[in-house]
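Below, each value reflects all heavy atoms present in this structure, side chains not excepted, and no hydrogens, waters or symmetry copies. Just so it is clear, the structure is predicted and the values come from calculations on it, not from any experiment.
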Amino acid sequence: MLATTLVLASLALGKSEQEYRIFPQRTSEEAAVIEWGHSAIISALDGAVATFGPQTSQGANFEVETAPVLARPIDGVGRWKKSNDETLSDFDRDYPGKLKNSDAVSGNMVIMTDAAGLSGVTMARIAKESGAAALMVVNTDQNAGDFIYSLEPETEEEKKYAEENIDIPIVMVSLQAGNVITTAMATDDSDPNEINKGAGLPDRVRLYAGGDRPFFEDAVSKTPVVYLIHNMLTSEECDALIGMAEGKYDRVDDTAGINNFLDNTMASTNGKPSAVNVDRVTMWKGGIAGKVIKDVDERISQVTGFPPEHFSDFQMNKYVKGSGHLPHYDLNEANGVMATITLFLNDVEDGDGGELFYPKPLDGGKPVMVRPRKGLAVVHHNTDENYVFDESTVNEELIVTGSSTVKYVAKKYVHLNPQHNAMRIVLPLIALPFGGKLPGIFSTLYIALIDKFGVQTGVTYFQKIVTMLPVLLLIGIASLVSDAVQKKLNEGKDGKKKESNEKTTKKTKKSKKSD
């Protein structure tokens, strides 16, 4: 199984684009946010705005604040039968008329599903003629996971109608997101029948353009779980991370059969390079990180839900022409990796390689390829919901082919267990004088202890040794200070003794002269 997967991945460069699911597919311009709550607790969903309506002309300026209302019927159709009047166009025959609860819908955001197979423009027409201020369409595809897309006109007639009549925002959300908002206010005691009528909806929602806010794009919903987070880093943060690592890289050599658990660099399985011509450094910042890294870690935690105490420090990777990371798993026996967060720090032109590649997802779809885009994060889960290793997570950084292309990638590993204070505080303090780069002796010690005592005991010994270093340092400093003080005191005593001797000598000489 594994051998077949690795072969498939290695052939990626020879395949046509039609054989892949290529991401990213969404853009910031089509991102929308549906938000509710107050300053203490705010909940939000991602949406994809339609290619028609005010959002296409107003961009980031469109905003609606109103009450959400479930459509009745929920799919806009119910028991209505399509007209057989051949004098009508297909667009008009598909129109079932206003919603039964149009009075409640008027001036509010109506929530409707796409279960009846109506086009986006037809659903927008129903909402508009029912008096809605906005339309949220729920994608009911059970196999789509969090997948959403921008609704668009399907015919020239729909396009013309939308241009002339649709002046309300239209957004699509996933089935999971639809379930979240319709049960937002529900409790364990809530009546399911009342929830189905809209009793679980929040009182008010705000719908606005996503702009620079992070938003999700689902790539593979299961086996493995892979999703993208747009706008995870700002351009300035990407540049700052690149600058921190500049001049500190070392060329990766994973051919010696040694697993560098400390820096999450594992040995290749066949003695040949897995990380090909890759330059790498781990920036040990931990609990003493500056504002940039603290802000980024906090945002990653807020967006993904992963606790920051489980984060590794940033592993910085630099790729040039001919560089790549062949098919591999993100494993770390010393502290298991439940998820990997890959952050692209610069754009790479299409056709210049460097894509992140998942060769054989088991969801029945094509292999997944993610193109590097500045500020984009790609998250994949290395374990299932029971924290059991998922073999479908094999991934590859395709070879960079552009002659002048440089690709910068920051990796953050989410460990199964919280990082020990030795890793979060002490090692960053030791690395501080070196700009965040840890002296190699610590990796050597870590590997030696694991080889000698096994993973669990070796890691424990390393943590104890590292934790003791500040104490030993303080003892050493105290000893030096004590020696210096003692030396000073001794010098003082010697000086006084010398002065006393000189006075005695002078008195003796005077006495002899008197004689």
Side-chain angles (χ1 to χ4, degrees), residues 23-24 46 146 213-221 224-235 237-238 240-242 244-245 263-266 275 278 280-286 289 292-319 325 328-332 335-346 354-358 361 368-385 387 389-390 392-397 407-419 423-424:
F23 295 89
D46 289 319
D146 284 324
R213 179 185 180 277
F215 65 93
F216 290 84
E217 181 176 357
D218 194 41
V220 186
S221 58
V225 173
V226 182
Y227 55 91
L228 285 60
I229 306 175
H230 295 251
N231 301 327
M232 179 58 88
L233 301 183
T234 66
S235 179
E237 288 167 342
C238 291
L241 287 173
I242 292 173
M244 288 178 193
D263 290 325
N264 284 293
T265 298
M266 302 301 116
V278 177
R280 177 175 295 169
V281 63
T282 297
M283 302 304 299
W284 288 90
K285 300 292 185 176
V292 171
I293 290 181
K294 281 185 177 178
D295 287 350
V296 170
D297 279 356
E298 182 178 345
R299 189 180 313 123
I300 291 174
S301 180
Q302 288 176 345
V303 173
T304 64
F306 294 126
E309 57 269 18
H310 289 247
F311 290 167
S312 73
D313 278 298
F314 278 116
Q315 182 197 78
M316 306 295 296
N317 296 273
K318 181 178 179 181
Y319 299 80
H325 198 167
H328 63 281
Y329 291 112
D330 296 333
L331 299 170
N332 189 325
N335 192 355
V337 180
M338 62 179 172
T340 302
I341 303 172
T342 301
L343 299 117
F344 296 117
L345 303 182
N346 66 315
E355 296 90 348
L356 181 57
F357 184 57
Y358 297 90
V368 169
M369 180 183 290
V370 184
R371 288 172 169 158
R373 296 291 182 264
K374 190 173 186 178
L376 177 70
V378 184
V379 182
H380 72 257
H381 292 191
N382 297 296
T383 62
D384 62 19
E385 61 274 12
Y387 303 109
F389 172 63
D390 183 355
S392 68
T393 58
V394 61
N395 63 94
E396 177 178 6
E397 300 261 2
K407 183 182 79 166
Y408 293 97
V409 172
K411 297 267 188 181
K412 189 166 282 285
Y413 299 96
V414 184
H415 292 287
L416 288 172
N417 301 304
Q419 292 281 65
M423 310 296 190
R424 290 185 54 78

Donor-acceptor pair, side chain of His310 and main chain of His415, under 3.5 angstrom: yes

The test is side chain to side chain donor-acceptor pair (under 3.5 Å); show your working for Ser312 and Lys412 and say whether it passes. CA-CA 6 Å; Ser312 73; Lys412 189 166 282 285; 5.3 Å; no

Is there side-chain contact between Thr393 and His381, with heavy atoms separated by less than 4.5 Å? no

Least distance between heavy atoms, Asp218 atom then Phe23 atom: O-CE2, 3.6 Å

Can you tell which of Asn332, Thr282, Asp313, Asp330 makes a side-chain hydrogen bond (donor to acceptor under 3.5 Å, both in side chains) with Asn264? Asn332

Should Met316 and Leu345 count as side-chain neighbours, where that means a heavy-atom distance under 4.5 Å? yes

So do Ser301 and Phe311 actually touch side chain to side chain, heavy atoms under 4.5 Å? yes

With sequence neighbours left out, what residues match Ala289 under side-chain contact (heavy atoms from CB on, under 4.5 Å)? Lys285, Ile293, Lys294

Side-chain heavy-atom pair Leu233, Leu241 within 4.5 angstrom cut-off: yes

Measure the acute angle between the ring planes of His230 and Phe215, then classify it against the limits of 30° and 60° as parallel, tilted or perpendicular. parallel

Is the ring pair His328/His325 parallel, tilted or perpendicular, if the boundaries are 30 and 60 degrees? parallel

In chain order, what residues pass the salt bridge (charged side-chain N to carboxylate O under 4.0 Å, His left out) check against Asp46, with sequence neighbours excluded? Arg213

Quick one: are Ile341 and Phe314 in side-chain contact, heavy atoms under 4.5 Å? no

Contact check, side chains of Leu331 and Phe389, non-hydrogen atoms, under 4.5 Å: yes

Hey, does Phe216 have a side-chain heavy atom less than 4.5 Å from the side chain of Val303? yes

Side-chain contact test, heavy atoms from C-beta onward, threshold under 4.5 Å: evaluate it for Met232 versus Leu343 and give yes or no. yes

Kindly give the heavy-atom pair with the smallest separation between His380 and Tyr358, and that separation in Å. ND1-OH, 2.8 Å

